[in-house]
Amino acid sequence: LKVKFMRVFGVLAILTIIVGISLCGCVKDNKSEANELIKILPSDYRGFVYANFKNIENSKYASEYRSKILNSLRLGNADGEKTGTYINKTKGILISGNGYNRMIFIIEGDYDLDKFKNHLKEIGTNPVEEYEGFKIYAKNSDDEFALIFYNDMIIAGTKQGVYDCIDVI
């Protein structure tokens with residue numbers, strides 16, 4: 001599982017760079033597209049990569065990259081009609097961490113979260129616990145990979161990474 005997660009993290013980081021990342025979050029100002037996502041990052045996390053999909057909206061590769069990112073998060077598939085995670089409605093993704101067991105992906109989009117929760121249930125990902133008022137979704141209570149919903153965001157990653165973000169929220 002460790003190797004698989006590291007491979008997913010590596011692929012996402014490389015895809016984000018290839019897409020033509022927008023590091024507008026490097027300057028913490030209110031104009032930054034990544035500002036809302038950055039606010040969720042724990043202060044001890046070491047850097048981040050942010051991809052603003054609005055910047056590549058007209059690219060013929062935009063849907064392909066969005067699809068690869070959503071598919072690699074172990075969420076089954078990225079068919080919007082089935083999952084509610086419409087590829088063309090993904091706004092951006094922020095990837096960060098502090099060590100192997102504290103990695104996160106914050107994905108922002110205009111998704112049908114009820115449809116997505118039904119999809120999670122179909123693939124065996126259900127709320128396994130509650131932490132600070134948030135339902136933690138995972139395959140089982142021992143799974144290292146977890147996710148939560150916050151506003152129009154999906155926060156996914158290691159369970160500890162998800163806890164860290166909740167502590168900031």
Side-chain angles (χ1 to χ4, degrees), residues 1-26 28 32-53 64-78 83 85 90-109 111 113 116-117 119-121 123-169:
L1 183 62
K2 239 184 237 188
V3 173
K4 186 175 182 178
F5 190 78
M6 290 303 290
R7 191 175 305 140
V8 168
F9 188 77
V11 167
L12 288 174
I14 290 168
L15 277 174
T16 303
I17 291 167
I18 291 171
V19 167
I21 58 173
S22 167
L23 292 177
C24 58
C26 290
K28 285 191 172 184
S32 168
E33 292 290 332
N35 193 46
E36 290 305 308
L37 283 68
I38 294 168
K39 289 178 184 176
I40 298 171
L41 281 181
S43 61
D44 64 336
Y45 273 44
R46 299 181 183 137
F48 63 89
V49 176
Y50 175 72
N52 177 348
F53 287 110
E64 177 185 343
Y65 291 125
R66 289 175 172 152
S67 180
K68 285 181 180 181
I69 287 170
L70 291 174
N71 280 326
S72 61
L73 287 175
R74 291 177 43 195
L75 303 178
N77 66 54
T83 66
T85 55
T90 304
K91 296 176 185 175
I93 182 171
L94 185 141
I95 304 168
S96 188
N98 185 2
Y100 161 73
N101 69 336
R102 297 176 68 203
M103 293 183 188
I104 53 124
F105 307 90
I106 303 172
I107 307 161
E108 184 179 31
Y111 301 137
L113 295 181
F116 185 59
K117 288 174 186 177
H119 172 68
L120 290 176
K121 188 175 187 176
I123 63 169
T125 301
N126 295 294
V128 294
E129 66 179 283
E130 194 166 304
Y131 181 79
E132 301 291 329
F134 287 89
K135 290 181 181 177
I136 307 289
Y137 288 76
K139 290 274 186 189
N140 59 58
S141 59
D142 296 333
D143 199 354
E144 285 291 317
F145 183 80
L147 64 90
I148 62 165
F149 301 99
Y150 177 65
N151 294 336
D152 64 344
M153 297 173 231
I154 299 170
I155 301 173
T158 62
K159 202 175 272 188
Q160 186 58 53
V162 172
Y163 294 152
D164 291 346
C165 287
I166 291 171
D167 289 342
V168 173
I169 295 170

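Keep in mind the model is a prediction, meaning the values are calculated, not measured.
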Distance check, rounded to the nearest 0.5 Å: [X] atom [atom1] versus [Y] atom [atom2]?
X	Y	atom1	atom2	value
Y45	M103	OH	CE	9.5 Å
L147	I106	CG	CD1	12.5 Å
Q160	I104	CD	CD1	12.0 Å
N35	K39	CG	NZ	4.5 Å
C165	I40	SG	CD1	6.5 Å
Y100	E144	OH	CD	5.0 Å

Identify the heavy atoms of G157 and V162 that sit nearest to each other, and give their distance.
N-CG2, 3.9 Å
Nearest heavy-atom contact between G47 and S96 is O-OG, 2.5 Å
Working for side chain to side chain contact (heavy atoms under 4.5 Å, CB included), residues Y111 and I154:
CA-CA 9 Å; Y111 301 137; I154 299 170; 3.9 Å; yes
Not counting sequence neighbours, which residues clear ring-ring contact (aromatic ring centres under 6.0 Å, His included) with Y163? List them please.
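Expected list: Y131.
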Does H119 form a side chain to side chain contact (heavy atoms under 4.5 Å, CB included) with T125? I'd like the steps, not just the answer.
CA-CA 8 Å; H119 172 68; T125 301; over 6 Å; no
Is the shortest side-chain heavy-atom distance between R102 and D44 below 4.5 Å?
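Side-chain contact under 4.5 Å: yes.
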So does K159 pair up with E129, basic N to acidic O under 4.0 Å?
yes
Going by side chain to side chain contact (heavy atoms under 4.5 Å, CB included), I155 matches just one of I166, L94, D164, I148. Which one?
I148
The criterion is side-chain hydrogen bond (donor to acceptor under 3.5 Å, both in side chains); which residues satisfy it with D152, sequence neighbours excluded?
K91
Taken in chain and number order and not counting sequence neighbours, the residues that satisfy side-chain hydrogen bond (donor to acceptor under 3.5 Å, both in side chains) with N151 are none
Before you tell me yes or no, could you show the steps for Y137 and F149 under ring pair (Phe, Tyr, Trp, His ring centres under 6.0 Å), namely the whole-Å CA-CA distance, both residues' side-chain angles and the distance that decides it to 0.1 Å?
CA-CA 9 Å; Y137 288 76; F149 301 99; 5.3 Å; yes
Derivation of the side chain to side chain contact (heavy atoms under 4.5 Å, CB included) call for I93 and Y50
CA-CA 6 Å; I93 182 171; Y50 175 72; over 6 Å; no
Before giving the answer on side chain to side chain contact (heavy atoms under 4.5 Å, CB included), spell out for E130 and I136 the whole-Å C-alpha distance, their side-chain angles and the decisive distance to 0.1 Å.
CA-CA 6 Å; E130 194 166 304; I136 307 289; over 6 Å; no
